[in-house]
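Working notes for the structure below.
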Protein chains: 2
Amino acid sequence: MGAEKRFRDEGPAAVTDIATTGRALPHPEREQIRLESVLHALSDPIRLEIVCELAARESELSCSQFDLPVTKSTTTHHFRVLRESGVIRQVYRGTAKMNGLRRGDLEDLFPGLLDSLLAAAGRQAVRLREGG
Amino acid sequence: MGAEKRFRDEGPAAVTDIATTGRALPHPEREQIRLESVLHALSDPIRLEIVCELAARESELSCSQFDLPVTKSTTTHHFRVLRESGVIRQVYRGTAKMNGLRRGDLEDLFPGLLDSLLAAAGRQAVRLREGG
DNA sequence: CTCGTACTACGATGGATGTCAAACTACGAC
DNA sequence: GTCGTAGTTTGACATCCATCGTAGTACGAG
């Protein structure tokens, strides 16, 4: 699927995002978010877990607060997929990178979808835990 | 992600599925359906289109009734992914292979999810058509 | 039995994807 | 400035995946 290549060549001049600290991160606009990309992003167990965790706590979480069974570079990769698909918003705060669900945008584009997905994931988690 | 290999070695003796004609097709049981697999299946534009079409007409459709921009072998591939993920049920009727959504099973496992997904897909189709 | 239709199976292929290790950058604290 | 923490980048690698073409199988009609 044609994932648009993105560039990180902005010098210190091009700070487009209003982050609390430097370093801008490319996010798709709400209108650019594609359902297929969202579904693809959530079709990976680790990314689904991240999103569920993010939904459970209402607040934003830094990448390091997740206990994931992969290395740091893989973690970076998964968070980037989630961001570039439009599922989460990432902002630097000092040395930490805070992650938050883009609830509003997703609800606008696909009403009810995120909640259904989270409910489905929760249900399955229970089902798998009970079933052994 | 680990798709369980399946076999098609049942001789003329093992007709497990109650098809109108021979040839059985392996389907996952309802309890075996995984959310991640469903999302992965639907994250492909062609497969999403198939599912939308299948939902629009309430009836079952044969593979050849879809006008897809890929060859026959690729079409076979996509239908198999949908079947093996538990999204559709396939049954042979004569030389045709009829496809139907597994609405009941999916609703049982993930209440409301399929409708949200279909609504989201429909909404996006409208949005993309209008936006050019 | 033969033929046509509908679909499958089997490679092959180019591109995406998940994973890691190692080296690197950015920031806050001291 | 130096150090440690947090996250990135790069390159490598194995696997997966969508796609195709060609050859093959299954079934109904004649």
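These numbers were taken from a predicted model, which means no experiment stands behind them. A note on names: the letters A, B, ... follow the listed sequences, proteins ahead of strands, and every chain is numbered from 1.
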How many whole angstroms separate atom [atom1] of [X] from atom [atom2] of [N]?
X: B:D67; N: C:dA6; atom1: CG; atom2: C1'; value: 16 Å
X: B:I88; N: C:dC7; atom1: CD1; atom2: C1'; value: 13 Å
X: B:E49; N: D:dA18; atom1: CD; atom2: C1'; value: 15 Å
X: B:Q90; N: C:dA6; atom1: CD; atom2: P; value: 16 Å
X: B:L68; N: C:dA6; atom1: CG; atom2: P; value: 15 Å
X: B:E36; N: D:dC16; atom1: CD; atom2: C1'; value: 17 Å
X: A:F79; N: D:dG7; atom1: CZ; atom2: C1'; value: 11 Å
X: A:L82; N: C:dT17; atom1: CG; atom2: P; value: 13 Å

Check: Quick one: on DNA chain C, does B:Q65 or A:V81 contact a more 5' nucleotide (nearest heavy atom)?
Finding: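 Per heavy-atom nearest nucleotide, the more 5' residue is B:Q65.
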Notebook entry, point to check: With nearest nucleotides of DNA chain C determined for A:R47 and B:R80 from heavy-atom distances, which residue corresponds to the more 5′ nucleotide?
Noted result: B:R80
Next item on the list: Report which part of the nucleic acid A:S62 touches: base, sugar-phosphate, or nothing (heavy-atom distance under 4.0 Å, all strands).
Entry: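 Here A:S62 touches the backbone only, sparing every base.
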Note to self: Need one value for B:S64: base, sugar-phosphate or nothing, where a base atom within 4.0 Å counts as base even if backbone is also close, heavy atoms only.
What the structure shows: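 The residue B:S64 makes sugar-phosphate contact but no base contact.
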Check: So, are A:D115 and A:R103 salt-bridged, with charged N and O less than 4.0 Å apart?
Finding: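 Between A:R103 and A:D115 there is a salt bridge, with a charged N closer than 4.0 Å to a carboxylate O.
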Next item on the list: Determine whether B:M98 and B:V81 fall in the same hydrophobic cluster, where Ile, Leu, Val, Met, Phe, Trp and Tyr are linked whenever their side-chain heavy atoms lie under 4.5 Å apart.
Entry: no
[X] side chain to [Y] main-chain N or O, any donor-acceptor pair under 3.5 Å?
X: B:E84; Y: B:H27; answer: no
X: A:R123; Y: B:P111; answer: no
X: A:Q124; Y: B:L35; answer: yes

Notebook entry, point to check: Taking protein heavy atoms under 4.0 Å as touching, what does nucleotides 19-25 of chain D look like 5' to 3' if B marks base contact, S marks sugar-phosphate-only contact and - marks none?
Noted result: BBBB---
Checklist line | Within-4.5 Å side-chain heavy-atom neighbours: B:L117 and A:L113 | finding: yes
Note to self: Given B:H78, which partner from the list B:E49, B:R47, B:R83 fulfils the side-chain hydrogen bond (donor to acceptor under 3.5 Å, both in side chains) test?
What the structure shows: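 So the option named by the test is B:R47.
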Notebook entry, point to check: Considering only side-chain heavy atoms of B:T95, which listed nucleotide, C:dT5, C:dC7, C:dG18, is closest?
Noted result: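 Ranking C:dT5, C:dC7, C:dG18 by closest atom to the B:T95 side chain puts C:dT5 first.
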